[in-house]
Number of protein chains: 2
Amino acid sequence: MKLQLQIKMNEDLFLRNPEHTVLGRNIIKHSILLIAQNGFEAFTFKKLAEDIGTTEAGIYRYFENKHLLLIYIIAWYWGWLEFQISFQTNNITNPVVKLKKVIKLLATTVEDDATTSYVNESLLYQIVISEGSKAYLTKQVGEDNKHQFFKPYKDLCAVVGDIILDCNPKYKYPKSLATTIIEMAHFQNFFMNNLPSLTDFGKNKTESKIILFLNELVFSSVKKAKW
Amino acid sequence: MKLQLQIKMNEDLFLRNPEHTVLGRNIIKHSILLIAQNGFEAFTFKKLAEDIGTTEAGIYRYFENKHLLLIYIIAWYWGWLEFQISFQTNNITNPVVKLKKVIKLLATTVEDDATTSYVNESLLYQIVISEGSKAYLTKQVGEDNKHQFFKPYKDLCAVVGDIILDCNPKYKYPKSLATTIIEMAHFQNFFMNNLPSLTDFGKNKTESKIILFLNELVFSSVKKAKW
DNA sequence: TTTTAAAAGATAGTAATACTATCATAAATA
DNA sequence: TATTTATGATAGTATTACTATCTTTTAAAA
């Protein structure tokens, strides 16, 4: 049996649904390739069009601008990850075990998921690390938020926050700790690979040490009240 | 007695030292105003020139491009903050008290410092929150790092890391915890003001709660081994 | 005080980016 | 077969991100 995973995307993000057409799926696929390769600043619709073999105007029929396209693929990732988390932590009753699993999923380089044909999750993970925060660190964040563009990110944070509360219902900052875990899983990875003197991990792609750091950080806080 | 605080900047950041001339100081001053007001994406040398009453070419004589200018003002901020920290924690012998003071300084909206005439630290703090990570979240991070552009940030992280080690010499992740404190002081502030559902603070500019969160987070980790 | 060098102003120009518009054609659907 | 829908091809505009050149002003050195 072959399953196809579909993530329901916010309709305001695009002019034409990219999942519905070959060109649309190519836009997503090649955006991920190009942004992963050259970074978001160097990414233009012209280059994307050339890469796909279509024209600039063709891209604009799907996305108003590259910022919305970035939000789209990042939001897609959060949606996908939330599903992964719910799937992989299903049936785990111990919230501490569950939270550890979540931290591991957040901080581990993703492998390409065969159930999503046009998305390379491994590259997407790299994009989320380097470009993820640029989705909201803008002056339009308020407007974008009104459109619910950050809902997948918020939903994931809420899920993580709830697991934290399950670990310790008296813990006072579950949401802030959740965002801290998520952001730090990525920032420590970026620092480790690019500015290693900012971390305690060395430059040897040792994600396992990031996980140890996050576990230590989270559980000393969360477990502090009786456990 | 009137003191003038001078921060030694990396010479590779500029073509002509902006501190040495009226125009140069105006470039810094108005960059801060414009970036704080419209965000870094909307900031152009053309607009900056118009704001100052000079020409685009005039700006290019000082800075190669707007990214280097951003790095400049952010680096300036880290340099300034490190001085503030060393000044304000001077004579504090208890490392826990010291670390608490540092967290407070990191997470509190800065007031304009009269000893620096052309820099508005209060606006600069807002820029560091919203745009700070864009200085290094690029594909050129490696090149920029070779030029030592991030030294002021690294130095500050090292200072914080050392205080953490003073609190508990056995703590394993002083550097990563230091960057976590610094980044989260800003991210939680940004979330509180722009995506409040991601935090536990509500939207009422309650920096004090961020400080409580960070203290809780840091000291449960750091104090865990005997204190 | 004069000379001269450095900084700033004025203007022009180019390549790339970020779009919008139009018209023709191909493919899918009614 | 008619007709809607998606794509392709082409053109054009405003803005951005620069570089170049020449003149005038300012400031420092002789």
Side-chain angles (χ1 to χ4, degrees), chain A residues 9 11-31 34-35 37-73 118 131 134-135 138-140 143-144, chain B residues 9 11-31 34-35 37-73 118 131 134-135 138-140 143-144:
Chain A
M9 298 298 295
E11 305 254 325
D12 289 0
L13 279 171
F14 47 76
L15 301 168
R16 184 174 294 172
N17 195 323
E19 297 180 58
H20 290 354
T21 63
V22 177
L23 178 57
R25 290 187 290 268
N26 263 321
I27 289 173
I28 304 304
K29 182 178 175 179
H30 288 83
S31 295
L34 280 180
I35 296 174
Q37 195 160 70
N38 309 317
F40 184 63
E41 280 72 37
F43 172 76
T44 70
F45 278 5
K46 183 108 184 281
K47 289 176 194 164
L48 175 60
E50 276 161 19
D51 212 49
I52 296 174
T54 181
T55 59
E56 234 182 319
I59 316 286
Y60 279 104
R61 290 195 183 105
Y62 284 83
F63 290 96
E64 244 176 279
N65 55 59
K66 70 173 187 168
H67 185 242
L68 288 170
L69 176 48
L70 178 69
I71 294 181
Y72 181 97
I73 64 170
Y118 56 95
E131 323 287 352
K134 294 175 193 168
T138 70
K139 284 284 166 186
Q140 320 101 275
E143 273 307 302
D144 290 347
Chain B
M9 298 298 296
E11 305 254 326
D12 289 0
L13 279 171
F14 48 77
L15 301 168
R16 184 172 296 172
N17 194 325
E19 298 180 58
H20 289 353
T21 62
V22 177
L23 178 57
R25 290 186 291 268
N26 263 321
I27 289 173
I28 304 306
K29 182 179 175 179
H30 287 83
S31 294
L34 280 180
I35 296 175
Q37 194 160 72
N38 310 315
F40 184 63
E41 280 72 35
F43 172 77
T44 70
F45 278 6
K46 183 108 185 280
K47 289 177 195 164
L48 175 60
E50 276 160 20
D51 212 48
I52 296 174
T54 181
T55 58
E56 235 181 317
I59 316 286
Y60 279 104
R61 289 194 184 107
Y62 285 82
F63 290 97
E64 244 176 280
N65 55 58
K66 70 174 188 167
H67 185 242
L68 288 171
L69 176 47
L70 178 70
I71 294 181
Y72 181 97
I73 63 170
Y118 56 95
E131 323 287 352
K134 295 174 192 169
T138 69
K139 283 285 166 186
Q140 321 100 276
E143 274 307 303
D144 290 347

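Heavy atoms only: backbone and side chains are in, while hydrogens, waters and symmetry mates are out. A note on names: the letters A, B, ... follow the listed sequences, proteins ahead of strands, and every chain is numbered from 1. Because the structure is predicted, anything quoted here is derived from the model rather than measured.
Taken residue by residue, residues 64-73 of chain A places heavy atoms nearer than 4.0 Å to DNA chain C at A:E64, A:N65, A:K66.
Between B:Y60 and D:dA20 there is no side-chain N or O to OP1 or OP2 distance below 4.0 Å. An OP1 or OP2 oxygen of D:dA6 is reached within less than 4.0 angstrom by no side-chain nitrogen or oxygen of A:T21.
D:dA6 atom P lies 10 Å from atom NE2 of A:H20, rounded to whole Å. The distance between atom CD1 of A:I27 and atom P of D:dG8, rounded to the nearest whole Å, is 10 Å. Remark: P of D:dT15 and CG of B:L48 are 18 Å apart, rounded to the nearest angstrom. To the nearest angstrom, C1' of D:dT21 lies 10 Å from CZ of B:R61. Rounded to whole Å, the distance from CD on A:E41 to P on D:dT16 is 17 Å. Between B:F43 atom CZ and D:dC18 atom P there is a gap of 12 Å when expressed in whole angstrom units. Distance, A:I52 CD1 to D:dT7 P: 11 Å, rounded to whole Å. Atom pair B:K47:NZ and D:dA14:P shows a separation of 17 Å (rounding to whole Å applied).
Side chain to side chain, A:S31 and A:Y72 fail the donor-acceptor criterion of an N or O pair below 3.5 Å.
Once rounded to the nearest 0.5 Å, the distance linking CG of B:L69 with CZ of B:F40 reads 7.5 Å. For the atom pair CG of A:N26 and CG of A:D51, the computed distance is 9.5 Å after rounding to the nearest 0.5 Å. Remark: B:D144 CG to B:K139 NZ distance equals 13.5 Å, nearest 0.5 Å. Between the OG1 atom in A:T55 and the CD atom in A:E50 there is a gap of 11.0 Å [rounded to 0.5 Å]. With rounding to the nearest 0.5 angstrom, the CD atom of A:Q37 is 12.0 Å from the CZ atom of A:F43. The line from CG of B:L34 to CD1 of B:I27 is 12.0 Å long, rounded to the nearest 0.5 Å.
Where B:A57 and B:V22 each meet DNA chain C at their nearest nucleotide, the meeting point lying more 5' is that of B:V22. Of the two residues near DNA chain C, B:G53 and B:E56, the one whose nearest nucleotide lies more 5' is B:G53.
A salt bridge (Lys or Arg N to Asp or Glu O under 4.0 Å) check over residues 40-49 of chain B, counting only residues at least two apart or in different chains, returns the pairs B:E41-B:K134.
Exactly one residue among A:V22, A:I28, A:T21 makes a side chain to side chain contact (heavy atoms under 4.5 Å, CB included) with A:R25. That residue is A:V22.
Residue B:F63 is classed as having no contact, given no heavy-atom separation below 4.0 Å to the nucleic acid.
Protein chain A contacts DNA chain C from C:dT17 to C:dT22, reading 5' to 3' and using non-hydrogen atoms of the protein with a distance under 4.0 Å.
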